[in-house]
Each structure stands twice: as C-alpha cells, then as structure tokens.
Q: 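Below is a structure I'd like to ask you about.
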Amino acid sequence: MNIYAFICTRTKEVNDITLELLSFLNTNNIKVHLLVNSSSIFKAYSNALKKVNPDDEDIIILCHDDIQITTKNKDFVKILKEELENPEI
C-alpha cells in the first residue's frame with residue numbers, strides 16, 4: 001500500500017508552511033506530488049490521480065499548500081490507516 005499526497009499550489013516557490021508540510025509528509029514516506037498553478041483544483045486532482053493510477057488499497061490525501069498537520073509524525077500514518085478501516089467512513 002502506498003500513501004499519496006496531492007498538494008495544490010499556485011506557484012513553484014514554496015513558503016515556510018508548505019516546506020513544513022512537505023517535510024512532514026516525506027518523513028512519513030508519503031509520496032508527494034505538487035500540483036502547480038492548475039486552472040482548477042478539481043482538474044489538478046483528477047489529472048494527478050489518472051497519472052498515478054493508485055491501487056484500491058492506497059491512501060490518497062488531497063490538500064492545499066497552506067495547511068499544517070499537528071499530529072505527531074509517528075502517529076499520523078497509524079491514525080490514517082485506523083480511521084480508514086472504519087466501515088462508516
């Protein structure tokens with residue numbers, strides 16, 4: 001199973017918040033894809049998913065470049081997996 005993060009951003013120049021996000025995701029072995037300056041966030045995500053062609057068991061994170069993840073590194077992937085195993089989600 002792979003975990004992918006697709007991050008929409010307007011520019012290739014990343015700010016401190018985006019650098020922190022990229023570092024966090026990379027530390028957790030998440031395959032990061034920056035989606036730069038697309039005409040539509042939905043189009044960017046759609047194109048990225050087609051390009052990667054994830055397996056059914058892969059985890060996909062769709063986010064923007066200005067978020068901060070406050071979960072501890074060691075807990076993040078564990079929480080993702082546990083929550084996604086819940087059939088009510």
Side-chain angles (χ1 to χ4, degrees):
M1 177 201 32
N2 293 304
I3 303 175
Y4 298 96
F6 299 110
I7 305 171
C8 283
T9 182
R10 291 282 177 202
T11 178
K12 287 183 181 182
E13 292 81 33
V14 294
N15 61 31
D16 290 342
I17 292 174
T18 306
L19 284 174
E20 184 179 320
L21 176 62
L22 294 172
S23 175
F24 181 90
L25 295 170
N26 284 319
T27 298
N28 283 285
N29 297 316
I30 296 171
K31 299 172 189 288
V32 177
H33 297 265
L34 280 178
L35 311 176
V36 180
N37 202 24
S38 182
S39 60
S40 157
I41 193 169
F42 305 107
K43 188 175 188 177
Y45 290 145
S46 178
N47 289 340
L49 286 166
K50 287 177 188 172
K51 182 178 179 182
V52 169
N53 193 23
D55 294 331
D56 290 342
E57 68 273 2
D58 291 343
I59 296 174
I60 307 298
I61 301 168
L62 307 175
C63 62
H64 205 261
D65 64 347
D66 59 355
I67 66 167
Q68 290 182 301
I69 300 173
T70 58
T71 305
K72 293 179 183 175
N73 273 336
K74 63 181 182 151
D75 297 330
F76 184 71
V77 171
K78 178 183 171 210
I79 291 168
L80 276 177
K81 289 178 180 179
E82 287 174 356
E83 292 298 319
L84 290 172
E85 287 177 4
N86 181 346
E88 295 180 15
I89 293 181

Q: For the CG atom on Asp16, are there more than 12 heavy atoms of other groups (residues, nucleotides or ligands in this structure) within a distance under 6.0 Å?
A: no

Q: Looking at every non-hydrogen atom in both residues, tell me the closest pair between Ile41 and His64 and how far apart they are.
A: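 Of all heavy-atom pairs spanning Ile41 and His64, the closest is CD1-CD2, 4.4 Å.
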
Q: Nearest 0.5 Å, please: how far is NZ in Lys31 from CD1 in Ile59?
A: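 Output value for this atom pair is 13.0 Å.
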
Q: Rounded to the nearest 0.5 Å, what separates atom CG in Leu80 from atom CD in Glu85?
A: 11.0 Å

Q: When you measure from the side chain of Asn28 to the backbone of Ile30, do you find a donor-acceptor pair of N or O atoms at a distance under 3.5 Å?
A: no

Q: Test of understanding: clusters of I, L, V, M, F, W, Y form through side-chain heavy atoms closer than 4.5 Å, transitively. Do Val36 and Ile7 belong to the same one?
A: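 Linked, Val36 and Ile7 end up in one cluster.
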
Q: Scan side-chain atoms only and decide if Asn2 and Asp55 contain a donor-acceptor pair under the 3.5 Å cut-off.
A: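 Absent: no donor and acceptor within the cut-off.
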
Q: Do the side chains of Val52 and Ile60 get nearer than 4.5 Å, heavy atoms only?
A: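 Sidechains of Val52 and Ile60: no contact.
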
Q: Could you tell me if Asn26 and Ser23 have a donor-acceptor pair between their side chains, going purely by distance under 3.5 Å?
A: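 The answer is no; no qualifying pair exists.
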
Q: State, with a plain yes or no, whether a side-chain heavy atom of Ile3 is found less than 4.5 Å away from one of Asn29.
A: no

Q: Using only atom types and a distance under 3.5 Å, with no angle test, would you say the side chain of Tyr4 pairs donor to acceptor with the backbone of Leu62?
A: no

Q: Roughly how far apart are Ile69 CD1 and Asp75 CG, rounded to 0.5 Å?
A: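 Answer rounded to 0.5 Å: 12.5 Å.
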
Q: Report the distance from atom CD1 of Ile79 to atom OG1 of Thr71, rounding to the nearest 0.5 Å.
A: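 Here the interatomic distance stands at 5.0 Å.
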
Q: For residues Arg10 and Ser38, report the shortest heavy-atom separation together with the two atoms involved.
A: NH1-O, 3.5 Å

Q: Find out whether Leu34 and Asp65 are in side-chain contact, i.e. whether some heavy atom of one side chain is under 4.5 Å from a heavy atom of the other.
A: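 Answer no - side chains too far apart.
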
Q: Within a strict 4.5 Å, meaning less than it, do heavy atoms of the Thr9 and Val14 side chains meet?
A: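 Sidechains of Val14 and Thr9: no contact.
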
Q: I need the Leu35 CG to Asn47 CG distance, nearest 0.5 Å.
A: 9.0 Å

Q: Are Met1 and Lys81 side-chain neighbours, meaning at least one heavy-atom pair lies under 4.5 Å?
A: yes

Q: Indicate, with yes or no, if Leu22 and Ile17 share a hydrophobic cluster defined by side-chain heavy-atom contacts under 4.5 Å among Ile, Leu, Val, Met, Phe, Trp and Tyr.
A: no

Q: Distance check, rounded to the nearest 0.5 Å: Phe24 atom CZ versus Leu19 atom CG?
A: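 These two atoms lie 15.0 Å from each other.
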
Q: Would you say Leu21 and Phe76 are hydrophobically clustered, going by side-chain heavy atoms of ILVMFWY under 4.5 Å?
A: yes

Q: Please find the pair of heavy atoms, one from Tyr45 and one from Cys8, that lie closest to each other, and give the distance.
A: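 Between these two residues, the closest heavy atoms are CE2-SG, 3.5 Å.
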
